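Chain A is the first sequence line, chain B the second, and so forth, proteins listed ahead of strands; every chain is numbered from 1. Everything quoted here is computed from the prediction, not taken from an experiment.
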There are 2 protein chains.
Amino acid sequence: MQPKQILREHVAKIATLTDEEFDNFFSRFELQSFKKGQTIIAAGDSVRREYFVLSGCLKSFYINDDLKMFILQFAMPTWWTSDFNALYSGEKATISVDCITDAEVLSLTNESREALCREIHQAEHFFRWRTNKGYVASQKRLLSMMNNDVKHRYEELMAQYPELYQIVPKQLIAAYLGVSRETLSRLHH
Amino acid sequence: MQPKQILREHVAKIATLTDEEFDNFFSRFELQSFKKGQTIIAAGDSVRREYFVLSGCLKSFYINDDLKMFILQFAMPTWWTSDFNALYSGEKATISVDCITDAEVLSLTNESREALCREIHQAEHFFRWRTNKGYVASQKRLLSMMNNDVKHRYEELMAQYPELYQIVPKQLIAAYLGVSRETLSRLHH
DNA sequence: ATGAAAATGTGATCTACATCACAATGCGCT
DNA sequence: AGCGCATTGTGATGTAGATCACATTTTCAT
C-alpha cells in the first residue's frame with residue numbers, strides 16, 4: 001500500500017478530512033528511509049520532527065548516567081514517535097530514537113503540525129486523540145510497572161505485541177520492562 | 001478569585017478565546033463542592049465527567065487485588081483529573097478519585113467537552129495541549145520509576161510539589177512513589 | 001478533654017531482582 | 001565457510017525494598 005493511503009486510513013479512524021484537506025495534510029509530510037541501526041534522534045539534538053512509522057520497527061529510549069538503557073516505546077507501523085518533550089518545548093533531546101530494523105517513515109516538523117492544526121480543525125482533532133491514546137497507554141504502563149512483577153509485565157507485553165518476540169533482541173525487551181537481561185533470561189525456569 | 005476567572009486565566013495560557021466563546025465554554029461546566037474523604041469516582045462506576053480543581057487536593061488511584069493502593073496523581077488547583085481511559089472509552093472506571101481535603105471543582109461531561117471541541121476550534125487546541133502536557137509528564141514519571149531509587153523519587157517529588165508535604169499523609173506519598181510506607185519512613189536515616 | 005482510630009516509626013526477616021563472571025550460542029561480513 | 005562480535009544462558013552473591021509485628025504519636029469526633 002502507498003504511504004499516502006496508509007496515513008489516510010490511519011487518520012480516517014479518528015478524523016474526517018475532505019480530499020483537499022487530506023492532500024494538504026499529506027503534503028506536509030516527508031518520506032524517509034532508514035537502515036537498521038541508524039539513529040534518527042540522538043540525545044542532545046534539537047528535535048524538529050515527529051515520525052509516523054510505515055514499515056519496520058523503531059525504538060525510543062533513554063540512557064542514564066550509568067549507560068543503562070530504558071526503552072519508552074517500540075514504534076511499529078502506524079505508530080508515532082519522537083522525543084515529544086523536546087519537540088514541544090524546544091529543549092534538547094533527552095530521548096533518542098533509532099531503528100531496530102530497516103524502516104520507512106513519514107516525518108512532520110513541529111511547525112507543520114501546528115500549521116495543520118491551525119488550518120484544519122479536524123487535524124487538531126486528530127492530534128488531540130492521538131496524544132490522548134498515548135497518555136492513557138502511558139498511565140496504564142506506569143500502573144503495571146508499580147503493580148506487577150517482571151514475569152507478569154513480560155507476559156502482558158508478549159500478549160499485546162507477539163510480533164516483538166521475533167523482531168526484537170531480548171535485551172531490548174528487558175530494557176523496555178525495566179529489568180536486567182539476566183533476570184529476563186531466567187524467567188522461563 | 002471567581003471560578004470563572006480561574007478557568008479563564010488557565011485556558012488563556014494556551015488558547016485564545018473571545019469573551020463570547022469563553023462564556024459558552026464556561027457555561028458547560030458545573031461547580032461542585034466536596035468534603036474531605038468524599039469519593040468522586042469509584043472503581044466500577046460509569047465515568048461521565050472530568051474535573052478541574054479550583055481549591056483543595058484530590059487523588060486519583062488504583063487499588064489492586066491485594067487491596068494495595070497506587071496513586072496516579074495528586075490533583076491540586078488548576079489540575080485536571082478523572083479516569084480518562086474510562087471517560088473516553090466508555091468502559092467502567094478502574095481508577096478512583098477522591099478528596100484528600102475539602103475541594104471545589106468545575107466538572108465537565110465527556111459530551112460537553114466534545115461539543116466544545118466541535119464548536120470552538122481553540123477549545124480543541126486547548127484540550128490537545130492539556131493532554132500533551134499530561135502525556136509528557138507521565139512519560140517522565142515512567143522513566144523516573146525505572147531509573148531512580150525511592151530516595152531520589154521522593155526528593156524529586158518534594159522539590160516539585162513542596163506543599164504536598166504539609167497536606168498529604170506520608171502513606172499516600174508512599175503510594176504515589178510505589179513504595180511501602182515503612183520504607184518511606186526509613187528514608188530519613 | 002478524652003477515648004478510639006488513623007498515621008507513623010522501627011526492628012527482624014524475607015525475597016525479587018541486580019550485579020558480576022564466564023560459558024555457550026547465534027549471526028553478519030568478507 | 002569461517003572469523004569475530006553480539007546475544008543469550010546460568011551460577012554465585014549482593015542489596016533495595018517488602019512484609020510482618022508491634023510500639024508510639026497524631027488526629028478527630030463526641
Side-chain angles (χ1 to χ4, degrees), chain A residues 34-39 56-57 59 61-71 74 98-103 142-158 164-189, chain B residues 34-39 56-57 59 61-71 74 98-102 141-158 164-189:
Chain A
F34 296 100
K35 289 284 169 197
K36 178 174 176 174
Q38 217 177 329
T39 297
C57 182
K59 67 176 192 280
F61 59 99
Y62 172 75
I63 299 203
N64 76 3
D65 301 339
D66 304 332
L67 303 182
K68 212 161 128 175
M69 176 192 298
F70 300 93
I71 294 181
F74 295 114
D98 69 16
C99 302
I100 294 177
T101 66
D102 291 356
L142 183 66
L143 272 184
S144 180
M145 203 74 197
M146 296 205 276
N147 192 14
N148 303 129
D149 67 10
V150 179
K151 188 164 192 188
H152 193 113
R153 267 143 53 208
Y154 176 70
E155 283 161 2
E156 215 168 56
L157 181 66
M158 287 302 114
L164 285 180
Y165 193 88
Q166 323 296 333
I167 301 173
V168 176
K170 304 228 165 144
Q171 32 178 345
L172 296 187
I173 292 184
Y176 179 92
L177 296 174
V179 79
S180 71
R181 56 166 204 81
E182 292 95 329
T183 297
L184 182 65
S185 159
R186 274 186 264 259
L187 238 53
H188 304 293
H189 301 316
Chain B
F34 296 101
K35 289 285 168 198
K36 177 173 176 176
Q38 216 178 331
T39 298
C57 181
K59 67 177 192 282
F61 60 99
Y62 171 74
I63 299 203
N64 75 3
D65 300 340
D66 305 332
L67 302 183
K68 213 162 129 174
M69 176 192 296
F70 300 93
I71 293 181
F74 294 114
D98 69 16
C99 301
I100 294 177
T101 66
D102 291 357
R141 186 162 163 215
L142 183 65
L143 272 183
S144 179
M145 203 74 198
M146 296 204 278
N147 193 14
N148 303 130
D149 66 10
V150 180
K151 187 165 192 186
H152 193 111
R153 267 143 52 209
Y154 175 70
E155 283 160 3
E156 216 168 54
L157 180 67
M158 287 302 113
L164 285 180
Y165 193 87
Q166 322 297 334
I167 299 173
V168 176
K170 304 228 164 138
Q171 33 179 342
L172 296 187
I173 292 183
Y176 179 93
L177 297 174
V179 78
S180 72
R181 56 167 203 82
E182 291 96 330
T183 297
L184 181 66
S185 159
R186 275 185 263 260
L187 238 53
H188 304 291
H189 301 315

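- Ring geometry for B/His188 against B/Tyr154 counts as perpendicular: the plane angle is over 60°, on a 0 to 90° scale with 30° as the lower cut.
- Straight-line distance from the CD1 atom of A/Ile100 to the P atom of C/dG28: 15 Å, rounded to whole Å.
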Enumerate donor-acceptor pairs with a distance under 3.5 Å from any side-chain N or O in residues 63-70 of chain B to protein atoms, sequence neighbours excluded.
{"residue": "B/Asn64", "atom": "OD1", "partner": "B/Asp66", "partner atom": "N", "Å": "2.9"}
{"residue": "B/Asn64", "atom": "OD1", "partner": "B/Leu67", "partner atom": "N", "Å": "3.1"}
{"residue": "B/Asn64", "atom": "OD1", "partner": "B/Lys68", "partner atom": "N", "Å": "2.9"}
{"residue": "B/Asn64", "atom": "ND2", "partner": "A/Asn147", "partner atom": "OD1", "Å": "2.7"}

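- As judged by a 4.0 angstrom heavy-atom cut-off over every strand, B/Gly37 is placed among residues making no nucleic acid contact.
- Using a 4.0 Å heavy-atom criterion, one finds that A/Lys36 contacts no nucleic acid atom at all.
- Going from atom CZ of B/Arg181 over to atom C1' of C/dG11 covers 13 Å, rounded to whole Å.
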Next on the checklist: Could you walk me through whether B/Leu172 and B/Phe74 satisfy the side-chain contact (heavy atoms from CB on, under 4.5 Å) test, starting with their C-alpha distance in whole Å, then the side-chain angles of each, then the deciding distance to 0.1 Å, before giving a yes or no?
Outcome noted: CA-CA 9 Å; B/Leu172 296 187; B/Phe74 294 114; 4.2 Å; yes

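- With A/Ser144 as reference, A/Glu156 is the one residue of A/Arg153, A/His152, A/Glu156 to meet the side chain to side chain donor-acceptor pair (under 3.5 Å) rule.
- Looking at heavy-atom distances under 4.0 Å, A/Lys68 makes contact with sugar-phosphate atoms alone, never a base.
- Summarising the geometry, the separation between OH on B/Tyr154 and P on D/dG17 is reported as 15 Å, rounded to the nearest angstrom.
- Taking atom CD on A/Gln171 and atom P on D/dG9, their separation rounds to 11 Å, with Å as the unit.
- Counting to the nearest Å, the C1' atom of D/dT7 and the CD1 atom of A/Ile173 are 13 Å from each other.
- For A/Arg186 against D/dG9, no side-chain N or O and base N or O form a donor-acceptor pair under 3.5 Å.
- With hydrogens and angles ignored, no donor-acceptor pair closer than 3.5 Å exists between the side chain of A/Glu182 and the base of C/dC17.
- Straight-line distance from the CG atom of A/Asn148 to the P atom of C/dA16: 14 Å, rounded to whole Å.
- B/Asn147 places its CG atom 13 Å from the P atom of C/dA18, with the value rounded to the nearest Å.
- Distance from the side chain of B/Lys170 is smallest to C/dT8 among C/dT8, C/dC17, D/dT7.
- Distance, A/Arg153 CZ to C/dA16 P: 14 Å, rounded to whole Å.
- Judged purely by atom type and a 3.5 angstrom limit, B/Thr101 uses its side chain to pair as donor or acceptor with the backbone of B/Cys57.
- At least one side-chain nitrogen or oxygen of A/Thr183 sits closer than 4.0 Å to the OP1 or OP2 atom of C/dA18.
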